[in-house]
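All values below come from the heavy atoms of this structure, side chains included, with hydrogens, waters and symmetry mates left out. We're numbering straight along the sequence, starting at 1. These figures come from a predicted structure and were not determined experimentally.
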Amino acid sequence: MTTWISTTATATAAPGARPSAAARPVRWAADAVTALREGARLRLDYSARSLWRVDRTIEGIRREEAPYAAVETVLRGFGAYAGEVIVRETGGEWWAGGGDHWVRTPDGRLWDPIDEARRCYAGDGSLRLLCREATTSP
(Lines give C-alpha, C1' and ligand atoms only; values in the text may rest on other atoms or scores of the structure.)
Protein backbone atom coordinates (compact mmCIF):
# COMPACT_ATOMS: atom_id res chain seq x y z
CA MET A 1 0.00 0.00 0.00
CA THR A 2 1.32 3.42 -0.96
CA THR A 3 1.40 6.12 1.67
CA TRP A 4 0.70 9.50 0.18
CA ILE A 5 2.41 12.54 1.60
CA SER A 6 0.76 15.70 0.43
CA THR A 7 3.02 18.68 -0.03
CA THR A 8 0.31 21.22 0.54
CA ALA A 9 1.59 23.94 2.85
CA THR A 10 -0.26 24.28 6.11
CA ALA A 11 -1.32 27.47 7.80
CA THR A 12 1.56 27.10 10.25
CA ALA A 13 4.23 26.94 7.54
CA ALA A 14 6.36 29.99 6.97
CA PRO A 15 5.23 32.10 4.01
CA GLY A 16 6.88 30.82 0.83
CA ALA A 17 8.05 27.60 2.53
CA ARG A 18 8.03 24.45 0.42
CA PRO A 19 6.51 21.27 1.88
CA SER A 20 8.91 18.46 2.76
CA ALA A 21 7.85 16.13 -0.11
CA ALA A 22 8.97 18.84 -2.54
CA ALA A 23 12.49 19.09 -1.09
CA ARG A 24 14.13 16.31 -3.09
CA PRO A 25 12.58 16.99 -6.50
CA VAL A 26 13.17 20.73 -6.13
CA ARG A 27 16.85 20.01 -5.39
CA TRP A 28 17.11 17.56 -8.30
CA ALA A 29 15.59 20.18 -10.62
CA ALA A 30 18.01 22.85 -9.40
CA ASP A 31 20.92 20.47 -9.97
CA ALA A 32 19.73 19.85 -13.55
CA VAL A 33 19.46 23.60 -14.19
CA THR A 34 22.99 24.14 -12.87
CA ALA A 35 24.42 21.21 -14.86
CA LEU A 36 22.93 22.44 -18.13
CA ARG A 37 24.01 26.02 -17.49
CA GLU A 38 27.58 25.04 -16.68
CA GLY A 39 28.06 22.01 -18.92
CA ALA A 40 25.98 22.73 -22.02
CA ARG A 41 25.61 26.48 -21.59
CA LEU A 42 21.82 26.17 -21.73
CA ARG A 43 19.67 28.34 -19.51
CA LEU A 44 16.44 26.93 -18.14
CA ASP A 45 13.90 29.34 -16.68
CA TYR A 46 11.19 26.97 -15.37
CA SER A 47 8.87 27.85 -18.26
CA ALA A 48 6.85 25.34 -20.24
CA ARG A 49 8.70 26.55 -23.33
CA SER A 50 12.06 25.53 -21.81
CA LEU A 51 11.00 21.87 -21.78
CA TRP A 52 11.60 21.76 -25.53
CA ARG A 53 15.32 22.22 -24.79
CA VAL A 54 15.21 19.49 -22.14
CA ASP A 55 13.56 17.05 -24.58
CA ARG A 56 16.25 17.87 -27.16
CA THR A 57 19.00 17.35 -24.60
CA ILE A 58 17.62 13.94 -23.63
CA GLU A 59 17.35 13.05 -27.31
CA GLY A 60 21.03 13.96 -27.77
CA ILE A 61 22.07 11.81 -24.82
CA ARG A 62 20.04 8.91 -26.23
CA ARG A 63 21.72 9.27 -29.63
CA GLU A 64 25.11 9.02 -27.91
CA GLU A 65 23.90 5.65 -26.58
CA ALA A 66 25.01 6.36 -23.04
CA PRO A 67 24.19 3.46 -20.71
CA TYR A 68 21.09 4.07 -18.62
CA ALA A 69 23.06 3.67 -15.37
CA ALA A 70 25.33 6.54 -16.45
CA VAL A 71 22.45 8.95 -17.08
CA GLU A 72 19.90 7.85 -14.47
CA THR A 73 20.59 10.77 -12.11
CA VAL A 74 20.50 13.30 -14.95
CA LEU A 75 17.17 11.93 -16.16
CA ARG A 76 15.77 12.15 -12.64
CA GLY A 77 16.84 15.81 -12.54
CA PHE A 78 15.24 16.54 -15.91
CA GLY A 79 12.01 14.88 -14.78
CA ALA A 80 12.04 16.82 -11.52
CA TYR A 81 12.61 20.01 -13.50
CA ALA A 82 9.57 19.23 -15.67
CA GLY A 83 7.56 18.47 -12.55
CA GLU A 84 8.55 21.78 -11.03
CA VAL A 85 7.48 23.54 -14.24
CA ILE A 86 4.07 21.83 -13.93
CA VAL A 87 3.81 22.80 -10.26
CA ARG A 88 4.56 26.44 -11.08
CA GLU A 89 2.29 26.56 -14.15
CA THR A 90 -0.72 24.90 -12.49
CA GLY A 91 -0.38 25.65 -8.78
CA GLY A 92 0.05 21.91 -8.25
CA GLU A 93 1.96 20.16 -5.52
CA TRP A 94 4.56 17.44 -5.12
CA TRP A 95 3.45 14.16 -3.59
CA ALA A 96 5.71 11.37 -2.40
CA GLY A 97 5.14 7.75 -1.52
CA GLY A 98 7.30 4.65 -1.43
CA GLY A 99 10.34 6.60 -2.57
CA ASP A 100 8.60 7.91 -5.71
CA HIS A 101 7.56 11.50 -6.42
CA TRP A 102 4.56 12.73 -8.41
CA VAL A 103 2.91 16.03 -9.16
CA ARG A 104 -0.75 16.47 -8.33
CA THR A 105 -2.46 19.24 -10.28
CA PRO A 106 -5.36 21.17 -8.73
CA ASP A 107 -7.85 19.13 -10.80
CA GLY A 108 -6.72 16.02 -8.89
CA ARG A 109 -4.73 14.36 -11.68
CA LEU A 110 -1.36 12.77 -10.83
CA TRP A 111 1.65 13.12 -13.12
CA ASP A 112 4.96 11.25 -13.07
CA PRO A 113 7.45 13.55 -14.81
CA ILE A 114 10.46 11.60 -13.53
CA ASP A 115 9.21 8.45 -15.24
CA GLU A 116 8.39 10.51 -18.33
CA ALA A 117 12.05 11.59 -18.52
CA ARG A 118 13.00 7.90 -18.49
CA ARG A 119 10.48 7.28 -21.27
CA CYS A 120 12.02 10.17 -23.25
CA TYR A 121 15.40 8.49 -22.97
CA ALA A 122 13.82 5.27 -24.27
CA GLY A 123 12.47 7.27 -27.24
CA ASP A 124 8.84 7.12 -26.14
CA GLY A 125 8.02 10.29 -24.23
CA SER A 126 8.14 14.07 -24.10
CA LEU A 127 8.39 16.33 -21.08
CA ARG A 128 7.07 19.22 -23.15
CA LEU A 129 3.96 17.29 -24.16
CA LEU A 130 3.46 16.02 -20.60
CA CYS A 131 3.49 19.61 -19.37
CA ARG A 132 1.08 20.68 -22.11
CA GLU A 133 -1.33 17.92 -21.11
CA ALA A 134 -0.98 18.68 -17.40
CA THR A 135 -1.70 22.37 -17.91
CA THR A 136 -4.87 21.85 -19.94
CA SER A 137 -8.21 20.99 -18.42
CA PRO A 138 -9.41 17.38 -18.76
Side-chain angles (χ1 to χ4, degrees):
M1 184 167 140
T2 301
T3 302
W4 293 98
I5 303 168
S6 173
T7 64
T8 304
T10 63
T12 59
R18 295 296 302 258
S20 64
R24 284 186 175 174
V26 168
R27 181 73 215 149
W28 297 332
D31 289 346
V33 168
T34 299
L36 281 180
R37 183 180 63 239
E38 293 175 1
R41 302 218 186 273
L42 290 175
R43 294 214 176 266
L44 299 178
D45 60 4
Y46 292 95
S47 69
R49 191 176 58 237
S50 70
L51 292 173
W52 179 83
R53 283 180 249 148
V54 176
D55 278 346
R56 295 283 310 238
T57 301
I58 293 172
E59 181 182 324
I61 293 169
R62 183 172 40 88
R63 274 187 272 139
E64 291 174 6
E65 298 180 359
Y68 178 77
V71 297
E72 184 175 10
T73 301
V74 171
L75 294 173
R76 182 184 66 193
F78 289 155
Y81 174 79
E84 191 59 18
V85 170
I86 293 168
V87 165
R88 293 177 184 201
E89 292 277 327
T90 67
E93 60 190 3
W94 281 101
W95 282 50
D100 294 323
H101 292 81
W102 300 273
V103 171
R104 182 177 181 265
T105 50
D107 59 15
R109 295 182 292 170
L110 287 175
W111 305 92
D112 191 345
I114 295 171
D115 187 57
E116 188 69 13
R118 294 178 190 122
R119 289 171 25 86
C120 289
Y121 182 71
D124 188 35
S126 169
L127 295 172
R128 180 181 57 83
L129 293 179
L130 178 77
C131 182
R132 181 189 299 169
E133 187 176 344
T135 58
T136 58
S137 299

A side-chain contact here means heavy atoms from C-beta on lying under 4.5 Å apart; do [X] and [Y] qualify?
{"X": "W94", "Y": "V103", "result": "yes"}
{"X": "F78", "Y": "I61", "result": "yes"}
{"X": "D31", "Y": "T73", "result": "no"}
{"X": "Y81", "Y": "S50", "result": "yes"}
{"X": "D112", "Y": "I114", "result": "yes"}

Distance from [X] atom [atom1] to [Y] atom [atom2], nearest 0.5 Å?
{"X": "Y68", "Y": "R118", "atom1": "OH", "atom2": "CZ", "value": "4.5 Å"}
{"X": "W52", "Y": "L129", "atom1": "CH2", "atom2": "CG", "value": "13.0 Å"}
{"X": "R132", "Y": "R128", "atom1": "CZ", "atom2": "CZ", "value": "5.0 Å"}
{"X": "D124", "Y": "E116", "atom1": "CG", "atom2": "CD", "value": "8.0 Å"}

Q: Using the test salt bridge (Lys or Arg N to Asp or Glu O under 4.0 Å), find all partners of E133 that sit at least two apart in sequence or belong to another chain.
A: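 Checked E133 against salt bridge (Lys or Arg N to Asp or Glu O under 4.0 Å); zero matches.
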Q.
For R76, is there an ion pair with E72 - N to carboxylate O distance below 4.0 angstrom?
A.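 Between R76 and E72 there is no salt bridge, as every charged N stays at least 4.0 Å from the carboxylate O atoms.
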Q: Check the surroundings of atom CZ in R62: do more than 12 heavy atoms from other residues, nucleotides or ligands lie under 6.0 Å from it?
A: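 For R62, atom CZ is crowded (more than 12 foreign heavy atoms under 6.0 Å).
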[X] versus [Y], closest heavy-atom pair with distance:
{"X": "L127", "Y": "P113", "result": "CD2-O, 3.6 Å"}
{"X": "S126", "Y": "D55", "result": "OG-OD2, 2.7 Å"}
{"X": "A134", "Y": "T105", "result": "O-CG2, 3.9 Å"}
{"X": "P106", "Y": "T90", "result": "CG-O, 3.1 Å"}

**Q.** Check against salt bridge (charged side-chain N to carboxylate O under 4.0 Å, His left out), E84 and R88
**A.** CA-CA 6 Å; E84 191 59 18; R88 293 177 184 201; 3.3 Å; yes
Q | W28: ring pair (Phe, Tyr, Trp, His ring centres under 6.0 Å) partners, not counting sequence neighbours | A |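 In terms of ring pair (Phe, Tyr, Trp, His ring centres under 6.0 Å), with neighbours along the sequence ignored, W28 is linked to H101.
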Enumerate, atom names and distances included, each donor-acceptor pair closer than 3.5 Å involving a side-chain atom of residues 36-46, sequence neighbours excluded.
| residue | atom | partner | partner atom | Å |
| --- | --- | --- | --- | --- |
| D45 | OD1 | S47 | N | 3.1 |
| D45 | OD1 | S47 | OG | 2.6 |

